[in-house]
Amino acid sequence: MFAVHLMAFYFTKLKEDQIKKVDRFLYHMRLSDETLLDIMARFQGEMERGLAKDTNPTASVKMLPTFVRAIPDGSENGEFLSLDLGGSKFRVLKVQVSEEGKQQVQMESQFYPTPNEIIRGNGSELFEYVADCLADFMQTKDLKNKKFPLGLTFSFPCRQTKLEEGVLISWTKKFKARGVQGTDVVSRLTNAMKKHEDMDVDILALVNDTVGTMMTCAYDDPYCEVGVIIGTGTNACYMEDMSNIDLVEGDEGRMCINTEWGAFGDDGSLEDIRTEFDRELDLGSLNPGKQLFEKMISGLYLGELVRIILLKMAKAGLLFGGEKSSALHTKGKIETRHVAAMEKYKEGLANTREILADLGLEPSEADCIAVQHVCTVVSFRSANLCAAALAAILTRLRENKKLARLRTTVGMDGTLYKIHPQYPKRLHKVVRKLVPNCDVRFLLSESGSTKGAAMVTAVASRVQAQRKRIDQVLALFQLTREQLVGVQGKMRAELEYGLKRQTHPLATVKMLPTYVCGMPDGTEKGKFLALDLGGTNFRVLLVKIRSGRRSVRMYNKIFAIPLEIMQGTGEELFDHIVQCIADFLDYMGLKGAQLPLGFTFSFPCRQTSIDKGTLVGWTKGFKATDCEGEDVVDMLREAIKRRNEFDLDIVAVVNDTVGTLMTCGYEDPNCEIGLIAGTGSNLCYMEEMRNIELVEGDEGKMCINTEWGGFGDNGCIDDIRTQYDTEVDEGSLNPGKQRYEKMTSGMYLGEIVRQILIDLTKQGLLFRGQISERLRTRGIFETKFLSQIESDRLALLQVRRILQQLGLDSTCEDSIVVKEVCGAVSRRAAQLCGAGLAAVVEKRREDQGLEHLRITVGVDGTLYKLHPHFSRILQETVKELAPRCDVAFVLSEDGSGKGAALITAVAKRFHPPCNEN
Ligand code: BG6
Ligand code: BG6
Ligand code: GLC
Ligand code: GLC
């Protein structure tokens, strides 16, 4: 009895002594609670630095956006391939996520070796090897000749700008293949797969193993919002609020952040806790100076740390009687599985003896106890450090959610965590101690990270299918060069038809003579009134022209024309116009003054002289009754008479294109074309009199108002019109009319956009499938909004804000799509307009028999002026389609009122200006 007691006493004493000895030697490795709290606070700071745009480039903890935005919701389904590369084992898998209802996942997998010469050899060979393994797997499982989406779990730090791309920042752990860092691993693997022609695989998602783990666990527990790996390497990811992620546009919802916490301390911030053993281990590693936190924690390094310590202790005579074996001198001889075995509760001591013996040592009882304790100190420190960083993440989650208590689940994986007998318990305990206000459930990922990667791929594949449908719609608006050349040719033909007496009556492009026969020459002078009706604004102007110096002074006032007047009776409309003139004269102190007036009337008018114009038909937003077929000058005169307050001499009625041409021609005599890309779309140009069969005489030129907006009204461009164009046309004031205008001008582009958005929403591709009242409202997308949305300077958030101001509750994804739709529609408009203009300049060149034509176009209109890309695309198109014309564009800064006044001045001087019918 006494002997037993003596033995027990002896053993306890022996143990105590050994533990004390080791503890003294490893004093620096034992971290107090205080230190852990301090490390936790430091890691919180590191996360902040990694997330902020200005500090991210220098932050050691990279906080990488993963573009994984939502945890699985059970609606995922399909069959996927998966690769899991970067942990201790390389696996290829096929994952089947069940259809509907019951969540069910079936997996088939195959492990493949990763020999050192592959993972540390040539990068391209590494990817070829991976592709070969995949091919082998597909062969074995009979999966070839079928299309598969693939999720790639790639357990290294990658900078992502989208889910299906990732630029390797640096290799970590055991990998060091050449020529891969800084390249996109998805395209590398995609390229490598091309060799296998019978393999149809599309890599849809690249995920870190932490992300895969989190998603795997979240499939079973929706509270899971953190993923932690404690395996070969160590790392964690968690769901961060988008508003805190500077590097990604958008602020709604959350995105998973791959912290890459393994690099914590790489900037020296953990030097106070690193020991001489850590430094020695680091120097002997593949990536010295890097992943310093990981090197204190993870499986690849734990055994080696123990070995370094044992060797040091032996050298110091503290172990094995000072004896060292050559195995103990050899790097990598102690592995994490040995550490785990030595720390086993019951067999631990026996295991220790065996392992040491295998290392060629002859340990005493005391040595075994001491070595066992070394293992404990090292693995304890590992768990403590992990706990501190995890506690920082949990605190961040709690603070983001503004909760006093957080209930959450952490998905766990990694061999160290799984096979070490004490590790999980210790980790959980310390975490709970460090964050007492978090109720944490630790959930082991039984099936690795692949199930989660498949979930991400499933979502990506749904998004891809949706994207395809959006692209199909956008493709309708992408015109080929051939199509544009076709439009140019048809326009050219229509111009000719409109000019010829025989074909004119049926021509869709009316080619209306304007009786403006020359450009202002600078001798014009006087004081004129001008009206400018038919664009976005109705203006009344006073224009003072001084001869000689080409100086014009203008005073103007904008008046509103209420919708009920625009679409009321003709009398009401003209009475309203006269009322505005009266107000203006009053305002200018010109009451009673008898001034000559030029009337810019931006609608098609058939003219027989400069001061006569019969309205052919209303266009754009006007539809006043009893005007079509009437002379608008007469109507204005009558309205003035009805008012009986003042008299005005209406000298000229001009289209806005003509006014614009004159405004610009006053400055640049080479200007022979006037173009409006505004509410409506139209063009005028100087034509040879001999070509104008409707007007007598062959000498000189006359300005022709093409009214090209009507191009296509005979169906000649129906091949490029879309269902959306038809819908816009049907909902307009003049169905079937002005088809070209409806594809090219400001009043309709927004409407086309709206029709597309409605359709996409109906298909469930936008606005969560909800068609709001606002979206049903005609005219919400005015040109100025389109222009704002498409501005390159605008961040996504601002686009979203504009949409929200328009009453459209859009997410950031929605905003991207809306912007793309606007872009497609406005681009087509600019190209079509360019094709039309190319037809005109080419005609002018040919008519003059020139090899090369230099010509200036005067342009006006809100679309041209406000839209960020319209003018550029228009100009590029003209250049492309009319390469032999050198077309200069000048912007009409003063509107067409000035031009109308100039025409009035000329007309007053030479009345009648040119041959009349
Ligand atoms: C596996 C996952 O279960 O764990 C891998 O499927 C992950 O994606 C690995 O990389 C991490 O642990 P270890 O110990 O294999 O590095
Ligand atoms: C103005 C002209 O500057 O532009 C008007 O003065 C013209 O005559 C108008 O109708 C065209 O642009 P919008 O965009 O106002 O239709
Ligand atoms: C390394 C990698 C990281 C990975 C971790 C666990 O730290 O850099 O991306 O998540 O190991 O495998
Ligand atoms: C409409 C009108 C046309 C005008 C153009 C630009 O197309 O019919 O006359 O020039 O809009 O305002």
Side-chain angles (χ1 to χ4, degrees), residues 82-91 93 109 153-156 173-174 207-213 216 227 229-235 298-300 336 412-419 444-453 510 512 530-539 541 556 600-605 615-622 654-660 663 674-684 705-710 734 737-738 740-742 744-747 782-784 859-866 891-900:
S82 202
L83 293 175
D84 188 352
L85 181 69
S88 51
K89 290 189 169 135
F90 168 41
R91 268 207 292 183
L93 304 94
S109 75
T153 304
F154 185 71
S155 309
F156 301 96
K173 303 179 283 191
K174 293 187 217 170
V207 292
N208 187 262
D209 52 355
T210 53
V211 183
T213 300
T216 298
I229 300 277
I230 309 170
T232 314
T234 182
N235 189 14
S298 75
L300 183 59
T336 295
M412 302 291 306
D413 204 350
T415 4
L416 177 55
Y417 183 83
K418 283 208 267 204
I419 66 161
L444 184 66
S445 161
E446 301 287 355
S447 46
S449 60
T450 322
K451 189 161 105 185
K510 286 286 170 220
L512 301 166
L531 297 182
D532 189 351
L533 177 76
T536 313
N537 295 307
F538 168 48
R539 291 168 202 265
L541 307 94
N556 77 81
T600 304
F601 183 69
S602 309
F603 302 94
C605 284
L615 176 62
V616 178
W618 286 117
T619 56
K620 300 180 283 193
F622 281 69
V654 293
N655 187 262
D656 53 354
T657 52
V658 183
T660 299
T663 302
L675 172 69
I676 298 281
T679 314
S681 170
N682 193 14
L683 171 140
C684 74
N705 167 17
T706 63
E707 283 297 329
W708 77 7
N734 50 351
K737 302 261 170 66
Q738 302 290 100
Y740 181 64
E741 174 162 86
K742 284 171 186 164
T744 51
S745 78
M747 180 159 169
E782 293 169 34
T783 314
K784 65 173 179 210
V859 201
D860 204 348
T862 35
L863 185 58
Y864 190 89
K865 282 183 173 168
L866 298 184
L891 202 62
S892 159
E893 303 285 355
D894 300 329
S896 61
K898 174 167 151 186

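Numbering starts at 1 and runs along the sequence shown. Just follow the structure's listing: the first ligand is 1, and inside any ligand the first atom is 1.
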When you compare ligand 1 with [X], is there at least one nitrogen or oxygen pair between them that comes in under 3.5 angstrom?
| X | result |
| --- | --- |
| Ser449 | yes |
| Thr450 | no |
| Ser88 | yes |

Suppose I only count heavy atoms of [X] and a 4.0 Å limit; which atoms of ligand 1 are within that range?
| X | value |
| --- | --- |
| Asp413 | 1 (C), 2 (C), 3 (O), 4 (O) |
| Ile229 | 11 (C) |
| Asp209 | 7 (C), 8 (O), 10 (O) |
| Ser155 | 10 (O) |
| Gly87 | 10 (O), 15 (O), 16 (O) |
| Gly231 | 12 (O), 13 (P), 14 (O), 16 (O) |

Before giving the answer on side chain to side chain donor-acceptor pair (under 3.5 Å), spell out for Lys898 and Asn556 the whole-Å C-alpha distance, their side-chain angles and the decisive distance to 0.1 Å.
CA-CA 11 Å; Lys898 174 167 151 186; Asn556 77 81; over 6 Å; no
Tell me, which residues have any heavy atom less than 4.0 Å from some atom of ligand 2?
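Residue list for ligand 2: Asp532, Gly535, Thr536, Thr600, Ser602, Asp656, Ile676, Gly678, Thr679, Asp860, Gly861, Thr862, Gly895, Ser896.
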Tyr417 and side chain to side chain contact (heavy atoms under 4.5 Å, CB included): which single residue from Thr234, Ile229, Ile230 fits?
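Single side chain to side chain contact (heavy atoms under 4.5 Å, CB included) partner of Tyr417 among Thr234, Ile229, Ile230: Ile230.
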Please state which protein non-hydrogen atom is closest to [atom] and give its distance, to 0.1 Å?
| atom | result |
| --- | --- |
| atom 10 (O) of ligand 4 | Asp656 OD1, 2.5 Å |
| atom 3 (C) of ligand 4 | Glu707 OE2, 3.2 Å |
| atom 11 (O) of ligand 4 | Lys620 NZ, 3.0 Å |

Do side-chain atoms of [X] reach the backbone of [Y] as a donor and acceptor pair under 3.5 angstrom?
| X | Y | value |
| --- | --- | --- |
| Thr600 | Asn655 | no |
| Lys737 | Gly617 | no |
| Thr336 | Gly299 | yes |

State the [atom1]-[atom2] distance between [X] and [Y], to the nearest 0.5 angstrom.
| X | Y | atom1 | atom2 | answer |
| --- | --- | --- | --- | --- |
| Arg539 | Leu533 | CZ | CG | 12.0 Å |
| Ser109 | Leu83 | OG | CG | 12.0 Å |
| Asp84 | Lys89 | CG | NZ | 11.5 Å |
| Leu675 | Thr660 | CG | OG1 | 8.5 Å |

Hey, are the side chains of Pro604 and Lys510 touching, using non-hydrogen atoms and a 4.5 Å cut-off?
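Not in contact.
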Hey, does Thr706 have a side-chain heavy atom less than 4.5 Å from the side chain of Asn682?
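Side-chain contact under 4.5 Å: yes.
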Give the numbers and elements of all ligand 4 atoms closer than 4.0 Å to a heavy atom of [X].
| X | answer |
| --- | --- |
| Pro604 | 8 (O), 9 (O) |
| Ile676 | 6 (C), 12 (O) |
| Glu741 | 1 (C), 7 (O), 11 (O) |
| Thr619 | 1 (C), 2 (C), 8 (O) |

Determine, using heavy atoms of Thr679 and all atoms of ligand 4, whether some pair is separated by less than 4.0 Å.
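Contact absent.
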Are Gly535 and ligand 4 in contact, using a heavy-atom cut-off of under 4.0 Å?
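Heavy atoms of Gly535 never come under 4.0 Å of ligand 4.
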Please classify the Asp84 to ligand 1 contact at 4.0 Å (heavy-atom distances, strictly less than): side chain, backbone, both or neither.
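Asp84 to ligand 1: side-chain contact only, backbone stays beyond 4.0 Å.
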What heavy-atom pair brings [X] and [Y] nearest, and what distance separates the two atoms?
| X | Y | answer |
| --- | --- | --- |
| Ser745 | Ser681 | CB-N, 3.7 Å |
| Ala453 | Thr153 | CB-OG1, 3.4 Å |
| Thr232 | Gly87 | OG1-C, 3.8 Å |

Would you check whether Thr657 has a nitrogen or oxygen atom less than 3.5 angstrom from a nitrogen or oxygen atom of ligand 4?
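By distance alone, the answer is no.
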Among Gly534, Gly680, Ser602, which residue places a heavy atom closest to atom 2 (C) of ligand 4?
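Closest candidate by heavy-atom distance is Ser602.
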Apply side-chain hydrogen bond (donor to acceptor under 3.5 Å, both in side chains) to Ser155 and list each qualifying residue two or more places apart in sequence or on a separate chain.
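Partners of Ser155 under the side-chain hydrogen bond (donor to acceptor under 3.5 Å, both in side chains) test: Asp209.
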I'd like to know whether NZ of Lys418 has more than 12 heavy-atom contacts from other residues, nucleotides or ligands below 6.0 angstrom.
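Atom NZ in Lys418 is packed in, count exceeds 12.
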Please indicate whether Lys865 has more than 12 foreign heavy atoms, meaning atoms of other residues, nucleotides or ligands, lying under 6.0 Å from its NZ.
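Yes.
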If we set the cut-off at 4.0 Å for heavy atoms, which region of Ser745 has an atom near ligand 4: side chain, backbone, both, or neither?
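Neither part.
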